[in-house]
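Okay, so here's the structure we're looking at.
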Amino acid sequence: MADRKKRGRLSRSGDFDRVYRDGRSHANRYLVLYAFPRAEQEGADGVRLGISVSRKVGGAVERNAVKRALREAFWELDERLAPDHDFVIVARPDSAGLVEREGTKGVRVALAELLAESGPQAA
RNA sequence: ACCGCUGGCUAUGCAGUCGCGGGGGAGGUGAAAACCCCUCGAGGAAAGUCCGGACACCACAGGGCGCGGGCGGUGGGUAACGCCCACCCGGGGAAACCCGCGGGAAAGUGCCACAGAAACACACGGCCGAUGGCGCGCCAACACGUGAGGCGCGCACAGGCAAAGGUGAAAGGGUGCGGUAAGAGCGCACCGGCGCUGCGGUGACGCGGCGGCCAGGCAAACCCCGCCCGGUGCAAGGCCAAGCAGGAUCGACGACCCGGCCCGGGGAGAUCCAGGUGGGCUGCGGGGCGAAAGCCCCGCCGGAGCCUAGGCCCGGCGAGAAGGAUGGCUGCACCCGACAGAAUCCGGCUUACAGGCCAGCUACGGAA
RNA sequence: GCCGCUAUCGUCUAGGGGACUAGGACGCCGCCCUCUCACGGCGGAAACCCGGGUUCGAAUCCCGGUAGCGGUG
């Protein structure tokens with residue numbers, strides 16, 4: 001963790017739309033991962049993350065828990081992330097049970113699986 | 001108090017490290033950003049969005065009607081409330097205590113299925129035959145005629161009755177005694193209800209006296225009475241920036257707006273289609289001094305009192321995101337941690353909840 | 001966030017205090033018809049979102065929950 005970058009995040013609705021529309025997606029039972037390489041002329045802000053957790057996942061407490069677990073798991077895996085990409089992680093309803101049972105570790109395993117699929121193309 | 005009841009408090013904690021959001025910054029590298037440092041960072045319900053307000057815009061939010069909506073024992077409290085406190089009444093409990101949408105059914109309308117004779121004012125079966133009627137016998141009367149009147153028995157024709165029976169959620173006071181042809185508040189005693197009245201209480205109401213028995217239930221059915229109520233909601237609203245392309249209809253003979261109607265008023269734009277943008281600041285969470293610890297002022301909430309009724313005293317709180325922060329890891333401790341995440345703010349209500357702590361009250365029974 | 005609406009068989013629905021034992025259509029199951037299937041005929045199973053309250057009586061009225069859906073920059 002020598003050069004710890006700032007944890008960038010997506011803040012514009014248009015950013016989300018672009019990642020959904022033009023990014024690559026991979027999914028398993030718990031999560032959907034979208035990845036989109038930003039063009040060079042844009043500022044090199046590094047990796048940015050957006051998280052989407054719908055109300056079907058659970059109440060506010062469960063949704064917050066899922067978001068926090070996803071954020072932590074994502075940045076723990078930052079060495080495997082393609083640089084200057086925008087990522088969006090969508091939590092599926094089953095993810096609430098995963099977080100409750102296995103915590104951040106379980107989420108990290110599920111997320112690493114998706115990154116392994118997307119890795120070759122993104123690199 | 002082990003099992004009961006009431007009120008209040010608390011809501012895993014500590015240390016290290018990495019990270020996230022807001023605010024500030026003496027000094028250091030910087031033009032700035034950033035690094036770095038300091039500080040603050042979810043709840044008692046933040047929840048459901050059920051009430052009441054504040055605030056904002058609609059006109060300055062006005063008058064009448066009450067179409068419409070809400071509330072409902074009494075007296076206080078409060079900015080206000082459907083909330084809180086005390087009391088009254090009714091119900092439950094052995095008690096502590098708990099529960100109650102708790103005005104009016106003699107203003108009117110409506111409903112009360114099935115059963116039952118009858119569901120608001122009735123008589124199926126039944127009881128009675130005092131009174132009147134009819135029949136028979138006897139007396140009056142020694143015999144004949146007449147047969148008034150009287151007595152007894154019978155019939156159940158007129159009529160009287162609502163106690164006991166059956167139906168039902170409910171048949172209109174209840175129990176007992178008297179009374180009667182049979183009965184009945186018909187009379188009486190007690191109880192219950194109602195009316196009048198005396199006393200006590202601010203009042204709901206309570207206690208007593210007298211009268212008389214007239215009054216089925218449902219108003220979370222319409223309704224009546226009393227009180228209250230403009231609409232929309234921070235995605236309200238204000239400011240700035242960027243961008244596009246206009247067209248149709250209506251309109252000072254008043255479009256449109258002020259929830260409905262009327263009055264009264266504002267008023268130059270209104271509606272629809274097409275096109276463009278979908279960014280920022282503010283509303284939004286107190287201020288001052290200080291590098292910081294901290295101190296002072298301000299505001300809100302809670303508590304016990306004091307006095308010129310507004311303050312004084314003590315304690316606590318003051319988070320403010322905008323794809324939306326409050327978390328990850330490691331270690332230690334214990335009874336192994338419930339319900340649950342701020343979104344304009346405040347006062348309530350309701351609902352969810354593992355436990356732990358404190359104070360007070362009650363003593364029928366069970367266990368020991 | 002704010003403001004609303006709805007809930008009845010598997011699905012769409014009727015019913016708005018009383019034999020409602022909740023009706024109908026499609027679907028499902030069984031039997032008949034047919035060589036078989038379809039169509040048709042007969043029969044059957046199957047529901048008032050949950051918990052309280054008012055009432056003699058609640059799917060219906062009232063209160064509180066739950067779930068689903070919609071509007072709003």
Side-chain angles (χ1 to χ4, degrees):
Chain A
M1 302 288 171
D3 59 345
R4 180 165 291 282
K5 306 183 196 78
K6 182 170 170 57
R7 295 182 171 184
R9 58 184 188 183
L10 295 183
S11 64
R12 296 289 161 223
S13 175
D15 293 337
F16 276 78
D17 290 343
R18 185 175 61 182
V19 175
Y20 284 138
R21 195 176 54 247
D22 299 327
R24 296 184 158 275
S25 71
H26 301 276
N28 59 20
R29 183 179 169 190
Y30 303 107
L31 304 171
V32 184
L33 176 73
Y34 292 86
F36 174 77
R38 280 202 310 283
E40 283 81 6
Q41 61 263 37
E42 297 183 56
D45 290 336
V47 174
R48 297 195 302 175
L49 172 66
I51 296 176
S52 173
V53 184
S54 85
R55 300 187 61 178
K56 290 183 180 177
V57 175
V61 174
E62 287 80 9
R63 295 204 306 277
N64 276 332
V66 168
K67 283 190 281 188
R68 286 163 184 159
L70 280 172
R71 259 198 299 272
E72 291 299 330
F74 183 82
W75 295 112
E76 281 173 14
L77 296 167
D78 63 351
E79 289 177 336
R80 300 200 221 166
L81 299 175
D84 296 329
H85 274 56
D86 285 344
F87 293 89
V88 172
I89 305 173
V90 177
R92 290 182 152 175
D94 284 341
S95 59
L98 178 71
V99 171
E100 191 184 356
R101 285 192 313 274
E102 302 179 42
T104 307
K105 292 190 192 71
V107 176
R108 190 173 58 223
V109 170
L111 188 57
E113 191 181 307
L114 298 180
L115 283 173
E117 288 182 40
S118 69
Q121 289 90 344

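Worth saying up front: this structure is predicted, and the values here are computed from it rather than measured. Proteins come first, then strands; the chains are lettered A, B, ... in the order of their sequence lines, and each starts at number 1.
- Per the geometry, CZ belonging to Arg48(A) stands 11 Å off P belonging to G324(B), to the nearest Å.
- C112(B) sits 15 Å from G16(C) when the P atoms are compared, rounded to a whole Å.
- Using the Watson-Crick or G-U wobble rule with both distances under 3.5 Å, A67(C) pairs with U6(C).
- Note that the CG atom of Asp17(A) and the CZ atom of Arg12(A) stand 13.0 Å from one another [nearest 0.5 Å].
- Rounding to whole angstrom units, CZ of residue Phe74(A) and C1' of G19(B) are separated by 15 Å.
- Take the nearest nucleotide of RNA chain B for Leu10(A) and for Gly14(A): the residue whose nucleotide is more 5' is Gly14(A).
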Dump the pairs, protein N or O against N or O of nucleotides 327-331 of chain B, anything under 3.5 Å, distances to one decimal.
from: G328(B); atom 1: O2'; to: Glu76(A); atom 2: OE2; distance (Å): 3.4

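- Within 6.0 Å of atom CD in Glu102(A), more than 12 heavy atoms from other residues, nucleotides or ligands are found, so the atom counts as buried in its surroundings.
- Spacing of C1' atoms, G27(C) relative to G64(C), comes out at 37 Å, to the nearest Å.
- We find that the ring of Trp75(A) and the base of G19(B) do not stack by the test of centres under 5.5 angstrom and planes tilted less than 30°.
- Of all nucleotides present, only A333(B) satisfies the Watson-Crick or G-U wobble test against U12(B), with each distance under 3.5 Å.
- Of the candidate nucleotides G323(B), U326(B), A42(B), U326(B) has the atom nearest to the side chain of Arg71(A).
- Across C186(B) and A163(B), the matching C1' atoms stand 14 Å from one another, rounded to whole Å.
- Rounded to whole Å, the C1' atom of A162(B) lies 11 Å from the corresponding atom of G126(B).
- Annotated as syn: G185(B), whose glycosidic dihedral is within 90° of 0.
- Computed from coordinates, the Lys67(A) NZ to A322(B) P distance equals 13 Å when rounded to whole Å.
- With its glycosidic angle more than 90° from 0, G62(B) is assigned anti.
- Separating the CG atom in Asp78(A) from the CD atom in Glu76(A) is a distance of 9.5 Å, to the nearest 0.5 Å.
- Pairing for G108(B) goes to C222(B), judged as Watson-Crick or G-U wobble with the two contacts each under 3.5 Å.
- Base-pair partner of A121(B): not found among the strands shown (Watson-Crick or G-U wobble, both distances under 3.5 Å).
- Arg12(A) comes within 4.0 angstrom of the backbone, heavy atoms only, and of no base.
- Residues Ser52(A) and Tyr20(A) approach most closely at CB-OH, 3.8 Å, considering heavy atoms.
- Toward the 5' end of RNA chain B, the nearer of the two residues Ala65(A) and Ser52(A), judged by each one's closest nucleotide, is Ser52(A).
- Between the CZ atom of Arg18(A) and the C1' atom of G323(B) there is a distance of 15 Å, rounded to whole Å.
- Take Arg55(A) and apply the salt bridge (Lys or Arg N to Asp or Glu O under 4.0 Å) test, not counting sequence neighbours, and it matches no residue.
- With a glycosidic angle no further than 90° from 0, G30(B) counts as syn.
- Here the straight-line distance linking atom CZ of Phe36(A) with atom CG of Asp15(A) works out to 9.5 Å at 0.5 Å rounding.
- Asp15(A) has its CG atom 15 Å from the P atom of A322(B), to the nearest Å.
- Using the Watson-Crick or G-U wobble rule with both distances under 3.5 Å, C138(B) pairs with G150(B).
- Remark: the separation of the C1' atoms in G44(B) and C339(B) is 10 Å, to the nearest Å.
- Between A333(B) and G65(C), the distance separating the two C1' atoms is 41 Å to the nearest Å.
- One can place CD1 of Ile51(A) at 16 Å from C1' of A322(B), the figure rounded to the nearest angstrom.
- As rounded to the nearest Å, C101(B) and U351(B) have P atoms that lie 13 Å from one another.
- Distance check, rounded to the nearest 0.5 Å: CG of Leu115(A) to CZ of Arg80(A) gives 7.0 Å.
- One can place CZ of Arg63(A) at 19 Å from P of A46(B), the figure rounded to the nearest angstrom.
- Syn is the glycosidic conformation of G44(B), whose angle stays within 90° of 0.
- For Ala60(A), the listed nucleotide lying nearest its side chain is A342(B); candidates were G324(B), G323(B), A342(B).
- Considering all non-hydrogen atoms of both residues, Ala91(A) and Val66(A) come closest at CB-CG1, 3.7 Å.
- Comparing the P positions of G43(B) and G13(B) gives a spacing of 11 Å, expressed to the nearest Å.
- Using modelled atom types, no side-chain atom of Glu117(A) and backbone atom of Leu114(A) make a donor-acceptor pair closer than 3.5 Å.
- Atom CZ of Arg55(A) and atom P of G323(B) are 19 Å apart (whole Å).
- Across every strand in view, G183(B) sits unpaired, with no contact that passes the Watson-Crick or G-U test at under 3.5 angstrom.
- Syn is the classification of G285(B), since its glycosidic angle stays within 90° of 0.
- Using the Watson-Crick or G-U wobble rule with both distances under 3.5 Å, A352(B) pairs with nothing in any strand shown.
- When side chains are defined from C-beta on, Arg18(A) counts as touching Asp86(A), because their heavy atoms get closer than 4.5 Å.
- Searching all strands for a Watson-Crick or G-U wobble partner of C272(B) with both distances below 3.5 Å returns G247(B).
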